[in-house]
Amino acid sequence: MLNKEFFKRDTLIVAKDLLGKIIVKNDNGIIYKAKIVETEAYLGVDDRAAHTFGDRKTERNKIMYEDAGTVYVYQTYGIHFMLNFVTQDKNIPEAVLIRAIEPLNQFDKISLNRFGKIYNELTSYQKKNITNGPGKLTKALNIDKDLNGNNLFNQSFFVEDDNSIFNIIIDKRIGIDYAQEAIDFPYRFYIKDNSYVSVLKK
DNA sequence: TTCTAGATTTCCT
DNA sequence: GGAAATCTAGAAC
C-alpha cells in the first residue's frame, strides 16, 4: 500500500509516479484491481484550471485542503464523478486527477457497472471505451461521493505499488479551455502505447 | 468516424 | 443565468 509520504510530495512528481500503480477497491468482497495509466496534476492556488485557484475554498473543494492521501470525488456536468488524490501538506490544496485506468480483473462486474451486460457481450467499441476517461472509470469501479473525504490508508480503497516498466508521455491537460495561461501547462501524464489512455498527444 | 444535443450539480473561474 | 477537470445516443457521412 502506498503510504502518506508518497502523496506528501510535489504534485507533479506524484502525478507522474502514480502511473503504473494499482488502484484496489473492495466492495463487500468484490475486489477490483486496475492500473493507473493517465493522470493530471492540479496545482492549487496558482493554477487557473484548479478548483482552488486564488485560494477559493468552497463546500465542494474543501477536501483539496486536507492532508496528503485524502480522496477527493466531485461531480461535473451534474452526472459524472471525478476521482482525485490529494497531495502535499494540509492546507496546500493540490491534487491529482485519475483520468484513465486499465482493468486487471472483475471484467464482467465492470462491464455491468458501465453497460449493464457482461464483458463478452460488449461491442469492440464498448470494450475500448470501458475505462478511458475520468467519468468512465468512476462508473466502472462504482465510485461516487461516498468516497469523498476518505483516505487511501485502509483496506477498502487504496493504491499499491507495481514494478512494471513503461515510457511516459507528458502533455497539456484536457477540458480546461477556460483556464487562460494554464491551458498549455504540461501537467498531464500517461503511459505510452497504452490503449486505455483517453486522449493522445497531437 | 465525426458531429450534435442533452444529461443536471456546483459555483460563478 | 451560464459554464464546468464529461459522456452518450443517434444521426450523418
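We name chains A, B, ... by the order of the sequence lines, and we start the count at 1 in each one. Atom set for the values below is all heavy atoms of this structure, side chains included, hydrogens, waters and symmetry mates excluded.
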Starting from C1' on dC11(B), measure out to CE on Met64(A) and report it in whole angstrom. 15 Å
I'd like the P distance from dA5(B) over to dC13(C), given in whole Å. 15 Å
For Arg9(A) against Ile13(A), the heavy-atom pair lying closest together: NH1-CG2, 3.6 Å
Assign the ring pair Phe185(A) / Tyr187(A) to parallel, tilted or perpendicular, where the plane angle (0 to 90°) is split at 30° and 60°. tilted
How close do Ala100(A) and Leu137(A) get, heavy atom to heavy atom, and via which atoms? N-CD2, 3.6 Å
Write down the distance between CZ (Phe81(A)) and P (dT8(B)), rounded to a whole number of angstrom. 13 Å
Tell me what Tyr77(A) touches on the nucleic acid: a base, only sugar-phosphate, or nothing, going by heavy atoms under 4.0 Å. base
Value in whole Å for how far the C1' atom of dT13(B) lies from CZ of Phe185(A): 14 Å
Between dC12(B) (C1') and Arg56(A) (CZ): distance, integer Å: 8 Å
Atom-to-atom span, CG of Leu137(A) to P of dC7(C) - whole angstrom: 8 Å
Nucleotide dT6(C), atom C1' - distance to CZ of Arg188(A) in whole Å: 14 Å
Starting from Val37(A), can I reach Ile130(A) by hopping between I/L/V/M/F/W/Y residues whose side chains sit under 4.5 Å apart? yes
Does dT6(C) have OP1 or OP2 sitting under 4.0 Å from an N or O in the side chain of Thr76(A)? no
Base, sugar-phosphate, or nothing for Gln75(A), non-hydrogen atoms under 4.0 angstrom? sugar-phosphate
Who pairs with dA7(B) - Watson-Crick or G-U, where each distance is under 3.5 Å: dT6(C)
Taking the nucleotide of DNA chain B with the closest heavy atom to each, which residue, Ile79(A) or Asn61(A), is nearer the 5' end? Ile79(A)
For Lys57(A), report the nucleic acid contact type (base, sugar-phosphate, nothing); a contact means any heavy atom under 4.0 Å. nothing
Looking only at heavy atoms, which two atoms of Arg99(A) and Val199(A) are closest? And how far apart? NH2-CG2, 4.4 Å
Of Ala95(A) and Tyr125(A), the one whose closest DNA chain C nucleotide lies more 5': Ala95(A)
At 4.0 Å (heavy atoms only), tell me whether Ile176(A) reaches a base, stays on the sugar-phosphate, or touches nothing. sugar-phosphate
Nearest to side-chain heavy atoms of Lys136(A), which nucleotide of dC7(C), dT6(C), dT13(B): dC7(C)
Hey, does Arg173(A) reach any base, or is it just sugar-phosphate, or nothing, if we go heavy atoms under 4.0 Å? nothing
With a 4.0 Å limit, can you tell me whether Arg114(A) has a side-chain N or O closer than that to the phosphate oxygens OP1/OP2 of dT8(C)? yes
Keeping Asn105(A) on the side-chain end and Ile31(A) on the backbone end, is there a donor-acceptor pair under 3.5 Å? yes
Identify whether any heavy atom of Asn129(A) sits under 4.0 Å from a base atom; if not, whether one sits that close to sugar-phosphate; answer base, sugar-phosphate or nothing. nothing
Under 4.0 Å: is that the gap between some side-chain N or O of Arg99(A) and OP1 or OP2 of dT6(C)? yes
Nearest whole angstrom, please: distance from the C1' of dT6(C) to the CD1 of Ile98(A). 16 Å
Taking CE from Met82(A) and C1' from dT10(B), how many angstroms apart are they, rounded to a whole number? 13 Å
Nearest to the side chain of Gln180(A) - dT8(C), dT13(B), dT6(C)? dT13(B)
Side-chain N or O of Lys62(A) closer than 4.0 Å to phosphate OP1/OP2 of dT10(B): no
